Every structure is written in C-alpha cells, then in structure tokens.
Protein chains: 2
Amino acid sequence: MNYVSLLKQHNLKATPQRLEILSIMHQSGHIDIDGLFSKIIQSFPSISLATLYKNLHIMLNSNIILELKLPNTKPKYELIQAPHAHLLCQKCGSCIDLSLDTDTLIKEVSQKSGYKLHESTLIFSGLCPQCQNH
Amino acid sequence: MNYVSLLKQHNLKATPQRLEILSIMHQSGHIDIDGLFSKIIQSFPSISLATLYKNLHIMLNSNIILELKLPNTKPKYELIQAPHAHLLCQKCGSCIDLSLDTDTLIKEVSQKSGYKLHESTLIFSGLCPQCQNH
DNA sequence: TAAGTAAAAATAATTATTATCTAAGCTGAG
DNA sequence: CTCAGCTTAGATAATAATTATTTTTACTTA
Ligand SMILES: [Mn+2]
Ligand SMILES: [Mn+2]
Ligand SMILES: [Zn+2]
Ligand SMILES: [Zn+2]
C-alpha cells in the first residue's frame, strides 16, 4: 500500500513522520500511544508526544486510522481496513482481528431497534489458545 | 433491589455515599463521572471527585458496576445486570441498552477462534429513531 | 528569490486520574 | 460502656494524559 497517495487523497501532506506512523501501525497491527512513541522515536529522535497526538487526531478525522477503546488499557490505534471485530486476551494482553460478518449483525440490530446504524464495535475478551495451557 | 445487602455481599460497607451512587446509576442507566458528580453533590455537598473515583474503582473491582468505554466520550458507568449490547446515537449522544443474545454469539466466536471467551463488548453506533427525522 | 502555507518542534497549560494523609465513624473484644 | 483496630470520607497534593500555543523549519509556487 502506498501511504503517500493515501495521505494525499485526504488532502494531508505526506510528511516523513506521518509515513512512519502508518508504517509502524501496519507492522504492529494494534498499538497504543506509548508503543507508537517508543518506536517512532528511534527514527525521529526529536518527535514529541504532542506531535504524535496531533497527527493521530488528524488521521482519525480523515478516517485513515481508527481508535479502539479496549477494557483496562489505553486506546489502541490501527489502519482502517474492512470492518472487523476484535479478540482480546485478558492474560497476555494481545489484541487480534477477527473477521466477522458485521454487516448482517448490523442489519439485524437495525431492524430490531429502529436505529440507522453506521458502525459497530465488537470486542470479545477471554483467553487466547496459548494462555489456556497454563 | 436492596443496595445495602448488595454491597455487604461483596464485603463492602454500605455507606450513604455508595448507596447514593448506586441509586443515581439505577435512575440514570448510563452515566459518566461528571454527570455522577453533579448529581451526587446535591445530596453530599462535600464529596470530591477523588472519593467518587475511589468508590467507582472499588465497585468495579467487586463487579457491582461496569465501565463502558464508548467512542468519542468519557466512559460511562452502569449497574451490572444481564449481559447486553448498547446502542449509541451519534447525534444526540444517547446510549441505551439492547438485549441481544450475546451467549450464542460468544459461543460462535469461541469455536471459530479457539479462544475461551468470558465477555463481550458490543456497541452499535448510528442514529436513533428520533434523530433520523431531522 | 520571496511569500505563503503547513507541519514539526518546543513549550506551556489544562484536564483527568491517582495517591497520600488526616479525621471521622463503625465494630467487636474486653 | 470504652478503647483499639479497621474502613472510609474528606482534603489536598501529585502524577499522568492530553491539548493548546508559539516558534521554527520545510515545502510550494508565483
Ligand atoms: Mn483491528
Ligand atoms: Mn447498559
Ligand atoms: Zn493470551
Ligand atoms: Zn439521537
């Protein structure tokens, strides 16, 4: 994926810092502000949390990334892809994607409730396969 | 419901402040820290946010109440009842309960993923019936 | 090149949350 | 009943998290 054009599509300058944020997110999948900071500071030693927050907000508003509010932790950020659910391990703290047919679920709930629904946040918490053997 | 015995069941003292917190939550359904504070201060003018946070944490740990992390707002708190999903209106900000068979959903996801799941957070966002007519 | 713009950097300010300390209230042993 | 022990509210301070402001740098283009 070409992040330069992704940013330009949203009328945002493709600065090296922003490209690195997106690249880190691509590698990490789901990452919180501190994880992001400790990684990006390696290539941009002078960057500050303020710059990071600023860029996260800008990219959130442009719908390039999304913010995942999870129980018991700081919010995590990820690149926007197809809508999906999340699996959380309460022991090791891992968070992984779960492809799930959110569309039909949303339609069902829309009918049932009378709401005109646009999005869903579906988080399932428990023990991942590894953590079950301990 | 008798909040005195509810608290005692969890080995917590049934102080007037805690009882009032629970009573406000019962009336309000879903309420954030500021809403809670502005209500409770009417009956307990000397209470502070610190006391409020302290008691929320205690009751969260005892599983008397739960914390709902919603997009774009401060977390809301509610009494623990049967597991359910939530409907969020992006226009008026309302948050209401949606009874939904979370059990079968959890079972499906457990099978599919290999996780041993204990709980789910299901939030649907969109427009409530009222807000659709504007 | 000079002007205009957008973003990074540096810093300050604000807000949100947690920690510490003291005093008050309840409880149960003697 | 009374005192010691324990829990909590209240008061306050400290920390953490986020946002705002200002200055500097870099890029674009006329
Ligand atoms: Mn994801
Ligand atoms: Mn609810
Ligand atoms: Zn795990
Ligand atoms: Zn509405």
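Note that the coordinates shown come from a computational prediction; the quantities given were computed from them, not determined experimentally. Every chain is numbered from 1, with letters handed out A, B, ... down the list of sequences. All heavy atoms count here, side chains included; hydrogens, waters and symmetry mates do not.
Nucleic acid contact class of Thr51(B) (heavy atoms, under 4.0 Å, all strands): base. Residue contacts for Lys74(B): at a heavy-atom cut-off of 4.0 Å it reaches the sugar-phosphate backbone alone, with no base atom in range.
Distance Ile33(B) CD1 to dT15(C) P: 16 Å, rounded to the nearest Å. In this structure, CD of Gln17(B) is placed 11 Å from C1' of dG25(C), rounded to the nearest angstrom. As a whole-Å value, the separation of Ile47(A) CD1 from dT24(D) C1' is 16 Å. Computed from coordinates, the Leu19(B) CG to dA9(D) C1' distance equals 14 Å when rounded to whole Å. Here the P atom of nucleotide dT8(D) and the CE atom of Met59(B) are 11 Å apart, to the nearest Å. Rounding to whole angstrom units, CG of residue Leu7(A) and P of dA8(C) are separated by 10 Å. What separates NZ of Lys69(A) from P of dA16(C) is a distance of 12 Å, to the nearest Å. The nearest whole Å value for the distance from the CG atom in Leu49(A) to the C1' atom in dT11(C) is 13 Å.
In this structure, the side chains of Ser110(B) and Tyr115(B) stay at 4.5 Å or more apart for every pair of heavy atoms. Side chains of Gln90(B) and Glu119(A) form a contact here, defined as non-hydrogen atoms less than 4.5 Å apart.
One finds a side-chain N or O of Asn55(B) lying less than 4.0 angstrom from the OP1 or OP2 phosphate oxygen of dA9(D). Residue Ser48(A) places none of its side-chain N or O atoms closer than 4.0 Å to OP1 or OP2 of dA9(C).
His26(B) NE2: 12 or fewer foreign heavy atoms inside a 6.0 Å radius.
Of the candidates dA7(C), dG10(D), dT8(D), the closest approach to any side-chain atom of Arg18(B) belongs to dT8(D). Of the candidates dA6(C), dT8(D), dG10(D), the closest approach to any side-chain atom of Leu12(B) belongs to dT8(D). Nearest nucleotide to the Thr15(B) side chain, out of dT8(D), dT19(D), dA7(C): dT8(D). In this structure, the nucleotide among dA9(D), dT7(D), dA8(C) sitting nearest to the side chain of Lys54(A) is dA8(C). In the set dT19(D), dA9(C), dG25(C), the nucleotide with an atom closest to the side chain of His57(A) is dT19(D).
Of the two residues near DNA chain D, Lys13(B) and Ala50(B), the one whose nearest nucleotide lies more 5' is Lys13(B). Residue-to-nucleotide proximity on DNA chain C shows that, of Ser46(A) and Asp34(B), the 5′-proximal contact is made by Ser46(A).
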Verify side chain to side chain donor-acceptor pair (under 3.5 Å) between Ser5(B) and Gln9(B), making sure each step is shown before the conclusion. CA-CA 6 Å; Ser5(B) 51; Gln9(B) 275 166 33; 4.6 Å; no
Between Glu108(A) and Thr104(A), is the side chain to side chain donor-acceptor pair (under 3.5 Å) condition met? List the steps. CA-CA 6 Å; Glu108(A) 274 179 35; Thr104(A) 30; 5.7 Å; no
